[in-house]
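Worksheet for the structure shown next.
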Amino acid sequence: MMHDAALTVLFYVLGAGAILCALAVVNARRLLRAALALMFVLLASAGLYLLLGAEFLAGIQVLVYVGGIVILIVFAVMLTSAADLLEDHPSPGRMLAGAVASISFLVFAGGVFARLELAAPAPGARPPADASAIGRRLLDFGSEGYVLPFELLSLLLLAAVIGGIAVARKTPPRDQPFTSGGDAPGEVDIVLPRSQRDEPEEPRA
Amino acid sequence: MLEFLAAHKPGHVEWLLLSATLFAIGLYGVLTRRNAVGILISVELMLNSAALNFVVFNRFVAPAACDGQITAIFVIAVAAAEVVVGMAIFVALFRHRGTIDVNRMNTMKD
Amino acid sequence: MAGAAAPFALFAAAQAAPAWPVKTVAARAAEALPDHPWTAVLYMALAFAGLGALVAVLGMGLIYLERKIAARFQCRLGPMRVGPHGIFQTVADTFKLLFKEDIVPARADKTLHLLAPFLALSSTALMLGVIPYSPILQISDVNIGVLYIAAVSGLGVMGILLGGWSSYNKWSLIGAMRGAAQIISYEVSATLALLVVVMFAGTLSLSGIVASQAEGWWIWRAPVVGGIAFLIYLTASTAEINRTPFDIPEGESELTAGFHTEYSGLRFAFFFLAEFINMFVAAALTATLFLGGWMPFHIGGANAFNAVMDLVPPGVWFLGKTAFVVFVIMWFRWTFPRLRVDQLMRLEWKLLLPIGFANLALGALAVLYDLYFFPGA
Amino acid sequence: MPDLPLALQFAWLIPALPFAAFIAVGLGVSPLSKRAAGLVATLAVAAAALCAWLVAWEYYGLYPPDAAHPAIVVWSFEWLPYDAGLSASAGVLLDPIAVLLLVVVTTVSALIHVYSIGYMGGDPGYGRFFTYMNLFTFSMLGLVVAPNIIQMYVCWELVGLSSFLLIGFYYSKPEAVAAAKKAFIVTRFADLGFLIGILLLGFHGHASFAELAPAIAPEAAAQGVANLQAFDFHYLTHPEVLARLQAASVPFLGLSLLTLAMVLVFMGAAGKSAMFPLHIWLPDAMEGPTPVSALIHAATMVVAGVYLVARLMPAFAASGDALAVVMGVGVFTSLFAAVIAVTQDDIKRILAFSTLSQIGYMMLALGVCSPAHPLGYTAGMFHLATHAFFKALLFLCAGAVIHAVHSNNIWDMGGLARKMPITHAAFLAATLAIAGVWPFAGFFSKDEILLAAFSSGHTAVFAAALLVAGLTAFYMFRLYFVTFWGGHRGPHAAHAREAPAVMWVPLAALAAVSAVAGFVPIGSFVSWGEAHEVPHCIDLRIAIPATAIALLGFALAWRLYARDGAGAARAAAALGILYRTIKRKFYVDEAYLAVTKGFIFPYIARPIAWFDRHAVDGGVDLAGWITRTTGRLCRRLQTGQVQTYGVWFVGGILFVLLLLWAALA
């Protein structure tokens, strides 16, 4: 009973925190804050995974999502916001369209969920799906294994890494085509916010 | 109090509603953000809620299996790949055009 | 297979009943929860208080140590005025920092500026919670311990990035970006090294890893690969905590003070503290993963020798090993010159990473063919 | 007909050479070298002339004079196959009049080309000029050799097009542009009648084709028509077909179909030949360069109408009424134009009205013709040939004079006889020829026309023709005296000088031809039907009054104009309003203007224009508007912005969700 009560409390606390942070994600005017809020949403999700008994997944969530993806996003924000970080508010029409779309999605999805009846799992038969179970399943090449998608995924990641480098690297100068892709002098540049550049500021009225 | 809380343990509807709410919020962000990175962030939100959905179904439909968790792992990995490529594109785009405002990325229109 | 052989019968018996029953604080709390809920709460409160105290003590102690050791290396005395041998010097410094004015740059993002140090410190503190200090002294033994460590250590990067960004100072920004890039890069190598140990131990739990080293520490029990993994991990975690020779993010000569240039007072103290705690965590993890953690120095089936070693309490073992690693890390500072950014990246991506992969593959082979010392039953 | 002489087999070269030169000069030579353009064009036409002479030689070698002269198709190919029973072929038909016209057109054209090399030298549009000239020559030759009425009509329109281009050659001059448009519109209007006539003939001819063709086909095949078609002249002029057409009646004024069709066809001929009341374009058309006037409006193009009537002579004769119309129009026009010519001051205009008058003369000759008295046919063709030479000569002389004095007004000239002796001599020869003085060509041809009119019993026509002969002599000698005699009146007349050799050599050649052409026994070569009763001799019953009246005209001109023209002014004053009316060309142009501006433009053209602009264009605009609006509406969907697409995408998802929800309910 204690366990169930704690579960209920944690669910609602984490869920509310996730939703609030998610709202902050889509409404923050500073992208960096949005990214930060995203990090908290993902952390809350990791907590929710723990509640669902998926510890390994929670760890992966934090490791990859928070430690990798969010950091990457923050990097991108820093590299691409030469202008000031404030983003204009979207136009009212667009906000309305977005709100209508998302709220109706929520309503419809809620309607579907409310009428959804899941097949009840066999009671008691619940050995923990721990990290080793997931690992076995991932590398199992039987009919229920995921080794093929897993390998495909590794290929995808490799392609993404190479593609990302190919897209984002600067074209090396013609006279030295084999530069280190960022190490040579003049190749690294961080685009600073306008307020941090050396340009003289416009006199304020 | 404790009994009340224990009796109201979240069932699958609550879990699914939670993930649907997160998804809807992400959808709102995708539709309203002007900055491409902002859109990408919102997409991450949606992906995360989808992964959550998988785990929820895993938990409530077949708790003995771990297929939902594996799918969630795949989702995370795909999201990572997506972000890598997306960010590379945005950085390259920004370098060329000086902006990543999606309103101004409409050259296909003309 | 070895367990069936006569000379190892005793060893097999010893393995059957763990000599060191692990009991974490969280486990105690969970045990007490159904019947005595307040006891459980008390346990948790104790744990948090202990963590806080640990942070404070560790911070001050390590700073004092650092100064003293630095002084020794430079043939001078270090702080001597406040207290005997200046042991209260750090306390005085702490008070000074506490009372300093908390300055936020004019056009900075105030919220993020305030948030960043907490983020940096809390990620570090979260790691303290899973380290097995002793069989009876561990707050929580999560079953994905190594994964947890890897995940949480990545969170600290956010603190650095946000701190640098929200300062509205180009030195801070560049320092933050360098720091983040460095940490993320070296995290890969560190994780690869961790995986070797995980593979050998067959578990992600930190206690389980410690227990798996009852026959010998992985640094030498897994031949060669363990040593290489140890070296990689030590190097990578030195880089991860931005210690010299990898202190480029805060290289004074280039960036004034890197990402925390604009911080003062308590928030600066937080960053500072986080760095030193990080050093401790890195050292503790190195000790746990490669040097047996609280496990005394054992040699296979040499029971007499093992019994002598068991006389020393596990906590002392742990502390000693950790202190040694901390000393080594401090030693580095006065031995190696600082690397350039490109040298740093080259070291990681062109040296450590390939070696780490090769090492992992070798380790996998070793595990597959039981090619390590004292294979368990 | 496989055993034709080589020259006849290659008769298609005659139109083909100018056409090839047209393409070559227009696209290749002219942009490269102006000089070469004139040379190539002239050589091509000269070669065509050579071929024409060879063809004439061979044709009359094959069918000697005083024998039957069949119309043979020496070369043809199927050009527009419509269906098995109806197709139009292009080909080369040779019969006496075609051969005659080939010779005349190519010869005159070649001489005019030579003359043009000098006359147009230094003109910026030199290459363009020769390109158009070649096009014109080709069109005219294609018309002449047409074996069917379709090819004739096509070339007919090409002639109209090239005359439009040549009249408007100085396109920067508003008068030239206006004249070109006038010529084109008037002839187009006339061609409308021609086209309707062709369609009537073709439709009804085709209706009875299956029935009649088997009988006609072998006969036609013997003359080289391999695949007889309803539009072939062989078919259309066959007596049985004509009888069938004559028998068919249309509910229009009680006329027979044949008459109606022939009158409509004659409308086209009248337009091209500038018969009253469609003559108004010809005097204005003198805005083109003088060689153009000589070629098109004197020698060849205007005779196309005459040629058409001659070509369809059996049909006209079968109709009877149509032939009467031809005669009436011819008589009236010849008289009318001769009267106007007396009062004009512009040298080219006088010649233009003279042309009108002479063409009317030819029409008159054809009009009095009948199967029983086919002399008019021969006479008309004879006059056509002689007239072509001496009228071309007159125009070329006029061109030389205008070149010398920089004016078209005869009162700016005078006393040029001493300054330009060769031109003077040539002009005199031509004047004598047109006036009908023995032994010049005009005497013989005019005599034959008068004889034809007289002998066919049309006495009134004969009287009118005689009057026209006198008027012709009068105005031509008026022109001659004012231009070449007396003192220098205009500012340039005093230092006028003889034209260069390249210009006067053609003049001399034409003068020679004009002088001797009358002695050709034309009756032996060109005749209609089987009757050959026309002896080639001078009938004194005709020759004496004709010569007398010509001399009368000459004397009157001498009296009034040989010295200073003061007498002429007194005579004009005495005539008063009559003179002014004549001088203003009987106000025909004004009447046209009144009709068009007062009635057609405001009450017909404007409503039609309104309808076109608002209803027709409106319909087109509506289609465009619908397309554009649809596109604009659809474009809303294609904003190029991901998020807009996202909204639609989400809409689809919502729809599916709704379905799922409903399905679960």
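Computed over heavy atoms, backbone and side chain alike; hydrogens, waters and symmetry mates excluded. In this text the structure is predicted, and so the values were computed from the model without any measurement. Note on naming: letters A, B, ... go to the chains in the order of the sequence lines (proteins, then strands), and numbering restarts at 1 for each one.
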Open item on the list: Looking only at heavy atoms and a cut-off of under 4.5 Å, which of B:L31, B:L16, B:L27 has the most pairs with chain A?
Closed with: B:L16
Task: Side chain, backbone, both or neither of B:F4 within contact of chain A (heavy atoms, under 4.5 Å) - done: neither
Task: Engaged part of A:A101 at the chain B interface, taking heavy atoms whose separation is under 4.5 Å - done: both
TODO: Quick one: closest heavy-atom pair of B:G38 and A:L31, and the distance?
DONE: CA-CD2, 3.6 Å
Open item on the list: With a 4.5 angstrom heavy-atom cut-off, is it the side chain or the backbone of B:E14 that approaches chain A, or both, or neither?
Closed with: both
Task: Contact origin within A:F105 toward chain B - heavy atom pairs under 4.5 Å - done: side chain
Task: Top of A:L157, A:L48, A:L51 for chain B proximity - count of heavy-atom pairs under 4.5 angstrom - done: A:L48
Task: Least distance between heavy atoms, A:V26 atom then B:G26 atom - done: CG1-CA, 4.5 Å
Open item on the list: Using side-chain heavy atoms (C-beta onward) and a distance below 4.5 Å, is B:Y28 in contact with A:M95?
Closed with: yes
Task: Residue A:Y146 versus chain B: region with a heavy atom under 4.5 Å - done: both
- [ ] Would you mind telling me which of B:L18, B:N58, B:L47, B:V91 has the largest number of heavy-atom pairs within less than 4.5 Å of chain A?
- [x] B:L18
Task: Side chain / backbone / both / neither for B:I25 at chain A, heavy atoms under 4.5 Å - done: both
Task: Distance-minimising heavy-atom pair for B:R33 and A:R94 - done: O-NH1, 3.7 Å
Task: Partner chain B: residue of A:L138, A:V161, A:V70, A:L57 with the largest heavy-atom pair count (under 4.5 Å) - done: A:L57
Open item on the list: B:E44 vs A:Y65, test: side chain to side chain contact (heavy atoms under 4.5 Å, CB included). Steps then yes/no.
Closed with: CA-CA 9 Å; B:E44 293 307 321; A:Y65 242 134; 3.0 Å; yes
TODO: Between chain B and each of A:L72, A:I60, A:L42, A:L156, count heavy-atom pairs under 4.5 Å; write down the option with the most.
DONE: A:L72
- [ ] Taking all heavy atoms of B:A20 and all of A:F113, pick out the closest pair and write down the distance.
- [x] CB-CE1, 3.6 Å
Open item on the list: Quick check on the interface: out of A:S102, A:A160, A:A34, who has the most heavy-atom pairs with chain B under 4.5 Å?
Closed with: A:S102
Open item on the list: At a 4.5 Å cut-off on heavy atoms, which part of B:V56 comes close to chain A: side chain, backbone, both, or neither?
Closed with: both
Task: Proximal component of A:Y12, with respect to chain B [non-hydrogen, under 4.5 Å] - done: side chain
Open item on the list: Looking only at heavy atoms and a cut-off of under 4.5 Å, which of B:W15, B:F57, B:F23 has the most pairs with chain A?
Closed with: B:W15
Open item on the list: Which atoms of A:L153 are under 4.5 Å from chain B, going by heavy atoms: the side chain, the backbone, both sets, or neither?
Closed with: side chain
- [ ] Could you tell me which non-hydrogen atom of B:L22 sits nearest to which non-hydrogen atom of A:A18, and how far apart they are?
- [x] CD2-O, 3.8 Å
Task: Contact leader toward chain B among A:I19, A:L7, A:V64, A:V100, where contacts are heavy-atom pairs under 4.5 Å - done: A:I19
- [ ] Heavy-atom pairs under 4.5 Å with chain B are the metric here; pick the option from A:G164, A:A16, A:A37, A:A22 that has the most.
- [x] A:A22
Task: Greatest number of heavy atom pairs closer than 4.5 Å to chain A - which of B:L40, B:L45, B:L17, B:V78 - done: B:L45
Open item on the list: Counting only non-hydrogen atoms closer than 4.5 Å, does A:L23 touch chain B with its backbone (N, CA, C, O), its side chain (CB onward), both, or neither?
Closed with: both
- [ ] Check whether any side-chain heavy atom of B:L52 sits under 4.5 Å from a side-chain heavy atom of A:Y49, and report yes or no.
- [x] yes
Open item on the list: Can you tell me which portion of B:I70 sits under 4.5 Å from chain A's heavy atoms? Options are side chain, backbone, both or neither.
Closed with: side chain
- [ ] Look at B:A77, B:S19, B:G86, B:A24 and state which one has the largest set of heavy-atom pairs under 4.5 Å with chain A.
- [x] B:A24
